[in-house]
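Numbering of residues begins at 1 and proceeds along the displayed sequence. Basis for what follows: all heavy atoms, side chains included, without hydrogens, waters or symmetry-related copies. Atoms within a ligand are numbered from 1 in the order they appear, just like the ligands themselves.
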Amino acid sequence: MKGPVLTWAMLPAVLLFAGFSDTKHRNSSSAIEVANDPANWLMYGRTYDDQRFSPLNQINEQTVANLGLVWSQELDTTRGLEATPIVEDGVIYTTGSWNVVYAMDAKTGKMLWQYDPAIDRSRAYFLCCDAVNRGVALYRDKLYEGTLDGRLIALDKRAGTVLWSTQTTDVTQAYSITGAPRIAKGMVVIGNAGAEYGVRGYISAYDAETGKMAWRFYTVPGDPAHGFENKDVARAAKTWTGDKWKNGGGGPPWDSIAYDPALDLLYFGTGNATAWYRALRGGGDNLYTACIVAVHASTGELAWYFQPTPGDNWDYDATQMLMQADLKIGGRVRNVLMQANKNGFFYVLDRKTGEFISGAPFVSGITWATRLDSKSGRPIEIPGIGGAEPTLISPDPFGAHNWYPMAFHPATGLVYVPAKTGGQMVHMPNSKWKYDLNAQNKGLDDSYDGALYAKAAAMPAETGELLAWNPVTQKEAWHANSPVVETGGVLSTGGNLIFQGRADGMLVAYRATDGKQLWQFDAGTGIMAPPVTYTVNGVQYVTVMAGWGGGPGLFNAPGSGPVKPGYGRILTFAIGGQAKLKVLPFGPQGPPPMPQLTYDSSPQLVHRGAQIFNSSCMLCHGLNAVGGSLPDLRYSSKDMIESLDQILLDGVFAPVGMPSYKKILNAQDVKALQAYIVARARESATASPDKPKP
Ligand code: CA
């Protein structure tokens with residue numbers, strides 16, 4: 001899109017059409033209801049509408065060239081950092097690895113207090129995608145955090161002391177919480193995660209003052225013998241086959257939650273069903289999995305639902321950010337809810353009714369559906385694609401867009417999406433799959449090594465971009481290509497700027513109108529988290545957390561570009577900032593040493609080790625054992641490899657986050673893994689050093 005460069009001064013004229021209302025959310029008396037004060041960033045998406053737009057314009061397209069680092073603070077982690085910092089009156093509240101909460105002075109970075117909820121590190125066993133968390137919620141004098149072990153904790157925002165704590169989940173099940181709580185009507189709302197491990201998803205609201213539960217909405221049916229909790233769960237049960245509720249069901253709301261105070265509706269997205277594959281669940285739409293759900297905030301009763309991927313077969317969670325806006329569509333203003341779904345389609349819904357307004361693919365190369373039905377929005381699947389046969393599917397389970405928050409700019413009317421094109425996954429349902437609490441329950445056949453892998457390898461490499469999408473016309477306005485596949489959360493500002501970090505550690509400012517890159521800063525470590533902006537004493541700051549990990553970071557797929565694992569930190573910028581960032585070197589340099597071990601390296605044993613690695617180790621220690629943020633096992637010492645039985649069966653490293661696998665692995669499996677790791681080290685040690693890491 002080319003056109004006149006818009007400035008903040010021109011905004012009032014376009015606001016009428018974009019539906020930006022500076023006052024509509026100020027309807028009661030607390031800090032959260034004045035969230036539109038741009039000096040602070042009080043909510044996950046800054047305002048209830050989750051637009052991640054700040055009208056601040058001291059940093060703008062003219063001044064951004066002088067944007068510089070003011071301070072940075074190391075956070076003692078090499079894992080992923082995903083939180084949105086909350087900023088109030090010059091104090092930043094944010095979270096790091098293992099749910100540590102930080103309060104710091106926004107001007108100086110000085111740590112005011114830290115709170116560590118002391119998560120049992122062996123809970124890592126039930127985490128699909130790193131020991132991450134997306135931040136705290138703030139309400140009046142309290143902060144709220146959901147933890148990896150399922151607690152909801154209220155802290156005194158001044159002292160960081162615990163005011164109340166409640167267990168929101170059954171600790172004998174594989175539940176976790178990674179999402180940020182949200183505030184609605186004096187309640188704290190929190191979901192959970194764990195579909196890959198077979199949990200029954202639900203969302204709950206707690207009294208913000210006391211921690212007493214106000215309501216809970218289950219997203220999938222439970223045991224019919226106990227009766228259904230309400231008519232909406234009973235309706236969902238009709239869309240399931242047989243007794244698949246025994247597998248938990250899935251559908252956990254693990255990220256997006258949004259509140260519309262005017263309609264008193266609370267929106268959330270749900271994850272995949274357990275198992276991933278339709279053929280293993282016996283068919284049906286499987287409500288309310290992979291679904292956008294609206295409930296009445298006061299009672300938790302269902303208002304409406306829209307299921308982007310009925311009977312999901314590809315891990316197409318509908319948990320991506322749900323953004324509200326009032327858009328002029330077809331000659332009238334519509335109150336919409338928008339989502340750039342994992343499945344590759346951009347949805348615009350009526351947020352009062354859930355009516356499908358429009359939807360279109362926002363990436364190319366979607367191979368599971370041809371289009372959406374223009375009336376219902378239901379995908380028209382490619383015939384036969386959801387069966388029991390192995391298939392090659394795009395987008396892959398990381399999605400065309402995942403949890404990385406998108407942003408809206410009221411002057412351009414565009415939604416800025418961290419998008420990804422061309423990810424491929426070989427899907428192969430395992431007809432012998434049976435639910436096992438101690439294992440992942442994707443239902444994937446790990447023994448498949450057929451021709452589809454070669455086909456996938458021959459496909460064009462996947463690419464990442466910042467996509468500027470017009471939600472009214474459902475067309476791209478522009479996109480900025482990224483040198484790395486994974487691009488992080490987005491911020492839009494009244495300075496006609498879009499800020500976004502990337503997996504290569506770059507924080508970039510683009511012009512909102514046309515995508516021209518105006519500024520960048522190397523944060524030293526890959527960025528996933530979205531930046532925020534605010535003022536202290538009249539000075540505008542931008543703050544972002546840099547920490548590479550999460551699902552894609554640990555999986556470490558080849559061809560992802562120059563990703564930068566490393567030490568996690570938080571950085572703050574302002575015009576004229578002069579601080580220098582000191583980045584310590586991280587990770588092994590050069591190929592691994594040739595292993596000094598004489599193991600049984602028979603091809604059969606190595607092959608068996610590869611299968612075990614792929615099903616139990618790969619998601620954290622990397623595809624083909626090429627590690628990133630967590631240890632690259634090819635560089636393991638002789639002692640470490642020889643101690644693998646103590647690590648995997650006795651759990652000697654459980655206190656630092658490497659759990660015991662004794663429930664699913666035995667001594668023979670450990671031998672096979674040793675053989676595989678040594679074989680991978682040998683292959684890599686003999687590879688030419690001037691080639692990229694294999
Ligand atoms: Ca999922």
Side-chain angles (χ1 to χ4, degrees), residues 80 82 124-134 146 148 169 173-179 191-203 219-220 244 247-257 268-278 280-281 285-293 307-322 339-345 368 386 393-404 420 423-430 433 435 439-444 486 528 549-555 557 615 618-620:
E82 299 185 349
Y125 193 81
F126 292 130
L127 304 179
C128 79
C129 309
D130 206 353
V132 292
N133 180 267
R134 293 183 202 93
L148 293 165
T169 57
Q173 300 290 310
Y175 286 103
S176 56
I177 297 174
T178 58
N192 44 51
E196 274 70 29
Y197 300 86
V199 300
R200 184 185 180 203
Y202 54 83
I203 189 167
T219 60
V220 292
K244 294 300 183 287
N247 305 327
W254 59 261
D255 192 46
S256 60
I257 305 171
F268 56 92
T270 66
N272 59 286
T274 311
W276 274 5
Y277 300 108
R278 193 181 296 167
L280 304 180
R281 301 192 304 267
D285 282 358
N286 305 137
L287 290 170
Y288 303 93
T289 66
C291 195
I292 299 167
V293 181
Q307 194 177 30
T309 316
D312 171 44
N313 197 57
W314 308 282
D315 188 24
Y316 290 155
D317 305 309
T319 48
Q320 303 74 47
M321 196 175 144
L322 293 163
Q339 186 181 63
N341 194 282
K342 252 188 176 184
N343 73 12
F345 289 89
W368 68 281
I393 293 290
S394 184
D396 67 24
F398 290 122
H401 169 232
N402 208 313
W403 64 267
Y404 312 111
K420 198 180 82 172
Q424 306 280 335
M425 160 110 185
V426 178
H427 285 265
M428 50 225 159
N430 178 3
W433 169 77
Y435 175 71
Q440 288 223 5
N441 286 279
K442 293 173 185 167
L444 200 67
E486 299 294 333
M528 300 186 286
L554 302 187
F555 182 71
S615 60
M618 179 171 72
L619 264 173
C620 290

Item to check | Set of residues satisfying side chain to side chain donor-acceptor pair (under 3.5 Å) with respect to Arg278, sequence neighbours excluded | outcome: Glu381
Checklist entry - Are Glu82 and Arg134 within salt-bridge range, i.e. N to O under 4.0 Å? => result yes
Checklist entry - Among side-chain atoms of Asn192 and Thr169, is any donor-acceptor pair under 3.5 angstrom? => result no
Next on the checklist: Quick check for you: within a radius under 3.0 Å, how many protein N, O or S atoms neighbour the Ca ion (ligand 1)?
Outcome noted: 5
Checklist entry - Quick check: does any side chain N or O of Tyr316 sit under 3.5 Å from a backbone N or O of Pro395, one acting as donor and the other as acceptor? => result yes
Checklist entry - Parallel under 30°, tilted from 30 to 60°, perpendicular over 60°: which one fits the rings of Trp368 and Phe345? => result perpendicular
Next on the checklist: For the backbone of Asn272 and the side chain of Asp317, can you confirm whether one donor and one acceptor N or O come within less than 3.5 Å of each other?
Outcome noted: yes
